[in-house]
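Written below as structure tokens is the structure these notes are about.
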Amino acid sequence: MIHFDHERIPERIVHARGVGAHGVFKAYPGNEQFTKAGFLTDTERETPIFVRFSPVQGPRGSADTVRDIRGFAIKFYTQEGVYDLVGNNAPVFFVQDGIKFPDFVHALKPEPHNEIPTAQSAHDTFWDFVSLVPESAHAVMWAMSDRAIPRNFRSIQGFGVHTFRMINADGEAVFVKFHWTPKQGLTQLIWDEAQILAGRDPDFHRRDLYDAIESGNYPEWELGVQIVPEADEFKYDFDLLDATKIIPEELVPITPIGSFVLNRNVENFFAETEQVAFCPAHIVPGIDLSNDPLLQARIFSYTDTQLLRLGGPNFHQIPINQSVCPFHNHQRDGYHQRAIHRGQASYEPNSIDNNWPMETTPAASNGGFESYVERIDERKIRDRSESFGDYFTQTRLYYRSLAPYEQKHVVDAYVFELSKVERVYIREREVLDILCNIDLDLAQQVADQLGIVIPAEKLNVELAEVTPSARLSLEAFPSPDIKGKKIAVLVHPKVNQANVDAILAWAKEESAIAEVLAPTPAPVLNANNVEIPADGMQKAEPSVLYDAVVMVDGDNYDLVLKDGVAKHYLIEAYVHLKPIVLLGEKSDLINTLGLVADEGTLVHPDFKAVATEFKQLIMKHRVWAREPVTEMIPG
């Protein structure tokens with residue numbers, strides 16, 4: 001009973017709801033020119049990794065699909081020690097200096113007087129803060145975009161956010177920004193779909209990742225860096241050390257340095273995912289930190305958090321956090337000390353144990369970590385450079401780089417979020433002081449829907465022009481195949497067995513997942529009265545769980561017309577812009593349900609005849625041309 005009473009530990013203040021998996025990383029050739037890190041230079045080595053995905057805001061019990069930035073942290077168990085690359089699926093952050101991070105999180109979290117809303121930014125305190133802190137505008141724009149409602153964790157990018165250093169064997173350093181890009185392409189949810197999933201399957205993202213790995217559809221990413229020579233630190237019209245800025249890929253392309261795959265689920269969620277401890281200060285020889293003021297705060301804060309959560313300073317001895325290589329230090333005792341240390345000396349210098357272990361220094365290099373020797377000729381003060389002061393140009397760059405439908409979603413997101421803000425003056429401040437400085441068309445669209453009048457002097461301001469970046473839209477990262485995509489196959493009694501067989505065979509060949517959904521969990525009888533097993537029932541496995549839908553033909557049209565669940569299934573999939581195949585007589589459902597035929601509604605008696613076209617539609621993920629007409633569809 002005493003043990004049971006103590007089985008809970010404090011959850012993380014942010015990133016509390018996470019899911020993790022194991023995998024391996026392999027380096028590409030040629031990285032030794034800019035780093036001496038062994039896991040990046042030894043192309044024969046497979047480095048074990050552990051990855052944790054997590055929304056920022058909500059507690060452990062919140063839903064997966066809320067609008068939020070996602071954490072994407074990677075622990076590399078290298079031969080030189082543990083290296084933690086602690087990133088997000090957005091390349092910028094909300095504040096420039098870590099001292100403001102507690103203020104940001106306090107504003108973001110549920111309001112203190114009623115603990116509402118859970119895992120949502122659509123409330124007064126969040127928008128009060130960001131409308132007063134213009135440096136947050138860029139990250140807020142990413143949070144209002146489709147990046148903040150990903151379809152799954154397998155199709156999100158990762159970014160190190162900060163500028164780091166890499167050092168090669170000759171002691172030469174370069175600045176780097178980390179990127180990791182999914183080989184599966186990038187996909188997103190429709191906002192209505194995200195809200196439905198939060199109720200129908202709040203575990204949607206963690207379930208998807210677990211099922212994909214269990215079925216052998218291992219997700220993969222390519223790790224790359226943008227490399228800036230030290231001599232070019234001040235070359236650009238933004239500061240490399242500003243975590244609210246990106247380096248556009250048109251200025252500095254990404255250099256691929258390796259790839260990683262997630263191929264093993266955890267055996268125990270608490271022991272691994274909940275107890276894993278990341279920290280940006282966990283670095284290895286060949287990688288070093290920069291003077292980014294937000295990064296400097298993070299290298300302190302993460303360790304401090306684990307001291308509370310995991311019961312003391314020895315959390316690195318928990319199996320999921322242990323290094324795979326031997327290491328030596330003078331750290332002793334403390335809560336949960338598991339090691340039995342040998343020798344009498346736990347200090348340095350010492351003569352009792354031959355002065356071992358000793359600190360690595362340039363004069364006595366012994367393979368340990370040593371900081372990069374950086375020359376600084378100025379006074380060190382707590383202030384930000386004037387180069388941190390442009391808050392809106394890159395925000396404008398991101399918005400104008402999006403596809404038209406993505407821009408519409410940004411407008412819709414701002415309107416939805418601000419409509420939940422009770423104080424009108426906060427809404428007005430966000431529109432007039434923030435959005436008007438980003439893009440006047442964006443500001444006007446949001447203002448019109450919120451009933452806000454923009455003064456003429458605001459509309460007459462000339463904003464600096466930007467050249468859109470082709471690498472910021474989700475369209476820059478298409479899916480190369482339909483591996484792991486889920487297709488709902490709707491069947492009813494007297495269904496056409498030949499088309500069911502064709503669909504299942506095609507899906508298996510494409511490594512997609514086709515699930516036969518019947519009106520009930522019981523098998524259905526085909527036209528020859530032979531049973532077809534059901535993988536689930538339509539009411540329990542809604543369209544939001546799938547990437548596409550096929551309605552199979554058969555001598556059962558009148559039965560389908562009486563089936564409200566099946567009709568709603570098709571309408572919902574249509575409204576969520578998903579590819580739909582209607583076989584045989586089911587093509588009449590387009591008119592019966594009041595839908596509009598388009599490139600994403602395929603009709604044919606034989607599934608094989610439309611299989612190739614169906615695959616191409618699924619690879620595109622959504623039928624975006626359909627979006628303008630969906631508001632007229634009942635449902």
Quick check: closest heavy atoms across G58 and A119, and the distance to 0.1 Å?
CA-CB, 3.6 Å
Heavy-atom check, side chain of E272 versus side chain of H22, under 4.5 Å
yes
Note: D439-R400 ion pair, threshold 4.0 Å (strictly below):
yes
Smallest heavy-atom separation, A476 atom then A470 atom, equals CB-O, 3.2 Å
Exactly one of Q157, Q188, E406 clears side-chain hydrogen bond (donor to acceptor under 3.5 Å, both in side chains) with R147, and that residue is Q157
Tell me, do P319 and Q275 make a side-chain contact under 4.5 Å, heavy atoms counted?
no
In terms of relative ring orientation, are F101 and F104 parallel, tilted or perpendicular, with 30° and 60° separating the classes?
tilted
CD1 of I247 to CG of L240, rounded to nearest 0.5 Å, is 5.0 Å
In terms of heavy-atom contacts, T125 and A107 come closest through OG1-O, 2.7 Å
Are a donor atom and an acceptor atom from the side chains of Q337 and Q317 found within less than 3.5 Å of each other?
yes
Nearest 0.5 Å, what's the CG-NE2 distance between D333 and H341?
8.5 Å
Test log, rule side-chain hydrogen bond (donor to acceptor under 3.5 Å, both in side chains), inputs R298 and Y302:
CA-CA 6 Å; R298 290 181 70 202; Y302 279 66; 2.8 Å; yes
Have E249 and S469 got a donor and an acceptor in their side chains that come within less than 3.5 Å?
no
Should the ring pair F260 and F72 be called parallel, tilted or perpendicular, given that the plane angle runs from 0 to 90° and is split at 30 and 60?
perpendicular
Taking C-beta and beyond as the side chain, do E233 and T163 meet within less than 4.5 Å on heavy atoms?
no
Is it the case that the side chain of D353 and the backbone of A345 share a donor-acceptor pair, with hydrogens and angles ignored and the cut-off at 3.5 Å?
yes
Could you check whether any side-chain heavy atom of R52 comes within less than 4.5 Å of a side-chain heavy atom of T273, counting everything from C-beta outward?
yes
If only atom types and distance count, is the side chain of N350 paired as donor or acceptor with the main-chain N or O of N355 below 3.5 Å?
yes
Against the six-membered ring of F278, is K75 placed for a cation-pi contact (under 6.0 Å from the centre, within 45° of the normal)?
yes
Donor-acceptor under 3.5 Å (Q306 side chain, F315 main chain)
no
Determine, step by step, whether V56 and H15 satisfy the side chain to side chain contact (heavy atoms under 4.5 Å, CB included) criterion, reporting the C-alpha distance in whole Å, the side-chain angles of both residues, the deciding distance to 0.1 Å, and the verdict.
CA-CA 4 Å; V56 175; H15 298 280; 3.5 Å; yes
How about CZ on F269, more than 12 heavy atoms from neighbouring residues, nucleotides or ligands closer than 6.0 Å, or not?
yes
As an exercise, state the distance from CD of Q344 to CZ of R342, rounded to the nearest 0.5 Å.
13.5 Å
Indicate yes or no for a side-chain donor-acceptor contact from D84 to the backbone of H282 under 3.5 Å, with no hydrogens or angles considered.
no
Shortest non-hydrogen contact from A143 toward A148:
O-CB, 3.1 Å
Inspect the surroundings of CD1 in I99 and state if more than 12 heavy atoms from other residues, nucleotides or ligands are less than 6.0 Å away.
no
Answer yes or no: is there an ion pair linking R60 with E274, defined by an N-O contact shorter than 4.0 Å?
yes
Can you measure from CG (L186) to CZ (R154) and round to the nearest 0.5 angstrom?
12.5 Å
Check whether any side-chain heavy atom of V24 sits under 4.5 Å from a side-chain heavy atom of N263, and report yes or no.
yes
Below 4.0 angstrom, N of the basic side chain to O of the carboxylate: do K100 and D97 qualify?
no
Evaluate L108 against S121 for side chain to side chain contact (heavy atoms under 4.5 Å, CB included), listing each step before the verdict.
CA-CA 6 Å; L108 176 65; S121 57; 4.0 Å; yes
Students often mix this up, so state it plainly: with edges at 30° and 60°, are the rings of F178 and Y83 parallel, tilted or perpendicular?
tilted
Decide if the gap between the ring center of F153 and the ring center of H205 is smaller than 6.0 angstrom.
yes
Main chain of E430, side chain of S131: is a donor-acceptor contact present, judged purely on distance under 3.5 Å?
no
Less than 4.5 Å apart, any side-chain heavy atom of Q184 and any of R151?
no
Passing candidate, ring pair (Phe, Tyr, Trp, His ring centres under 6.0 Å) with F25, options F76, F50, Y77
F76
Can a side-chain donor-acceptor contact be found between E222 and Y28 if the only test is distance below 3.5 angstrom?
yes
So do L472 and L397 actually touch side chain to side chain, heavy atoms under 4.5 Å?
yes
Supply the atom-to-atom distance I318 CD1 to L310 CG, rounded to the nearest 0.5 angstrom.
4.5 Å
Please work out which of the three classes, parallel, tilted or perpendicular, describes the rings of Y398 and W142, given edges at 30° and 60°.
parallel
Only one of L463, L435, I434 clears side-chain contact (heavy atoms from CB on, under 4.5 Å) with F392; which?
I434
Quick check: do Y391 and T244 have side-chain heavy atoms less than 4.5 Å from each other?
no
Are more than 12 heavy atoms from other residues, nucleotides or ligands located less than 6.0 Å from atom CZ of F300?
no
Closer than 3.5 angstrom, by distance alone: can the side chain of R12 be matched with the main-chain N or O of R17 as a donor-acceptor pair?
no
Identify the two heavy atoms, one from L294 and one from A243, that lie closest to each other, and give their separation to 0.1 Å.
CD2-CB, 3.7 Å
Test side chain to side chain contact (heavy atoms under 4.5 Å, CB included) on F93 and F159 and set out the steps.
CA-CA 11 Å; F93 201 65; F159 304 91; over 6 Å; no
Using the side chain to side chain contact (heavy atoms under 4.5 Å, CB included) rule, take V228 and V252 through it: C-alpha gap first, then chi angles, then the decisive distance, then the call.
CA-CA 8 Å; V228 178; V252 181; 4.2 Å; yes
I299, CD1 atom: more than 12 neighbouring heavy atoms under 6.0 Å
yes
Nearest atoms (heavy-atom pairs only) where N268 meets F270:
OD1-N, 3.2 Å
Take a 6.0 Å sphere around OH of Y347 and say whether it holds more than 12 heavy atoms from other residues, nucleotides or ligands.
yes
Between Q226 and H179, does any side-chain donor sit less than 3.5 Å from a side-chain acceptor?
yes
Working to the nearest 0.5 angstrom, can you tell me the gap between F53 CZ and L262 CG?
5.5 Å
